[in-house]
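First the structure, in the form of structure tokens, and then the observations on it.
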Protein chains: 2
Amino acid sequence: MTQRNVLFLEEFLPYRLSRLSDAISRDFSQAYRARLGLTRPEWRTLATIGQYGTMTATEIGAHSSMHKTKVSRAVASLEVRRWITRVPDARDRRVERLSLSKVGQKAYEDMVPVARAFEAEMLERMSAAEREALLAGLAALERTALSGPDGA
Amino acid sequence: MTQRNVLFLEEFLPYRLSRLSDAISRDFSQAYRARLGLTRPEWRTLATIGQYGTMTATEIGAHSSMHKTKVSRAVASLEVRRWITRVPDARDRRVERLSLSKVGQKAYEDMVPVARAFEAEMLERMSAAEREALLAGLAALERTALSGPDGA
DNA sequence: GCGCATTTGTTGCAATCGTAACCATTGGAA
DNA sequence: TTCCAATGGTTACGATTGCAACAAATGCGC
């Protein structure tokens, strides 16, 4: 007899993750939504291209687990802002190589310290042992959850 | 000089959490979407009422971080299935106390072991030390992230 | 008691999202 | 070469979402 046939949501991993992710993403999005007027998919796209320099839409989707229509629309919207440029791939004309324009690069570089500060503020409220545990636990979870059913 | 002005998304906490939560929720939702035909907000509502026995819509929203319109529609949909019952509160007639019907209770109790099995399978793929780290880390994060800007 | 801000829950509407269908292109297989 | 399945990316459409407005009820100040 476990406890009665009840599931304690506060201890249920998918539920805990979902609540944390929602709350943190919502908080963080205020930091760039107000400042840059970006939606979440747009921020992700900007951050991905900013990190890797040049990517295709498919690569962005694979890397950030975004649906390809989401990526397509985020890219279109960032292009209207003139933050990214599309360069047709010479070898495969289905593909377009996406990069940051000068203005986009500037926006990205403005955003990076904001993101770092947000994360630092969160981590500073934990002890060193807690931080270590969190990072180790997340790494383990990524190994088991992101490579299982489809990932790898 | 940190590294250049680049943010490594793979190490960025909000990004990691979001990817994990999305992937795990998506996997888990298949376990009940196919079996019970429930959406995510409906599952959450069912699970919350199942755990607490009786709740109001506002309480469900506060507990599970769902927008009140989401709760309202999930409740309406579960009521159509006759899985939950509404009882007007005698003291405050704005409020309706929500409980599971007999059929709803049965569905809930069928669902609980499925959820437990899903979680167990995920945790079994980690070492004991990793599990411990994950749970400790999440607890610490909940303490800092769910009580900060608005939670408490 | 009366008035008014607050709370509970629902609904209209615009924006966002994902499935499916689609076009253009590619790379083999025959 | 000629098919044709597979891939990259966009778009149409229906479903889901959240904001804002709303009605009903409460309760506090006076």
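None of the values given here were measured: they were computed from a predicted structure. In what follows, every chain begins at residue 1, and chains take the letters A, B, ... in the order their sequences are listed.
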Query raised in the report: Which one, C:dG9, D:dT11, D:dG9, comes nearest to the side chain of A:R73?
Result: D:dT11
Query raised in the report: What does B:R91 touch in the nucleic acid at a heavy-atom separation under 4.0 angstrom: a base, only the sugar-phosphate, or nothing?
Result: sugar-phosphate
Query raised in the report: Does a nitrogen or oxygen in the side chain of A:S72 sit under 4.0 Å from OP1 or OP2 of D:dG9?
Result: no
Query - Options C:dT10, D:dT17, D:dT26, nucleotide nearest the side-chain atoms of B:K70 - result: D:dT17
Report task. Using a strict 4.0 Å threshold on nitrogen-to-oxygen distance, state whether B:R94 and B:D92 make a salt bridge. Result -> yes
**Report entry** Carboxylate-amine/guanidinium contact B:D110 B:K106, below 4.0 Å
**Finding:** yes
**Report entry** Separation of atom NZ in B:K68 from atom C1' in D:dG18, rounded to whole Å
**Finding:** 11 Å
Report task. Taking only the side-chain heavy atoms of A:R93 (C-beta and beyond), determine which of C:dT25, D:dT10, D:dG9 contains the nearest atom. Result -> C:dT25
Query raised in the report: Think B:T69 has a side-chain N or O under 4.0 angstrom from the OP1 or OP2 of C:dT11?
Result: no
Query raised in the report: Of all the nucleotides listed (D:dC19, C:dC17, C:dG9), which has the minimum atom distance to the side chain of B:T58?
Result: C:dG9
Query raised in the report: B:E42 CD to D:dA15 P: how many Å, rounded?
Result: 14 Å
Query raised in the report: Where the side chain of B:R94 is concerned, which of C:dG18, C:dG9, D:dA24 is the nearest nucleotide?
Result: D:dA24
**Report entry** Nearest-neighbour nucleotide for the A:H67 side chain, C:dT11, C:dG18, D:dG18 considered
**Finding:** C:dG18
Report summary line: From the candidates D:dG9, C:dG9, C:dC17, the one with an atom nearest any side-chain atom of A:A57 is D:dG9
Report task. Side chain of B:D92 only, please: which of C:dT25, C:dG9, D:dA25 is the nearest? Result -> D:dA25
Query raised in the report: Could you give the distance from CD (B:E10) to NE2 (A:H63), rounded to the nearest 0.5 Å?
Result: 3.5 Å
Query raised in the report: Distance from B:T39 atom OG1 to B:R33 atom CZ, nearest 0.5 Å?
Result: 7.0 Å
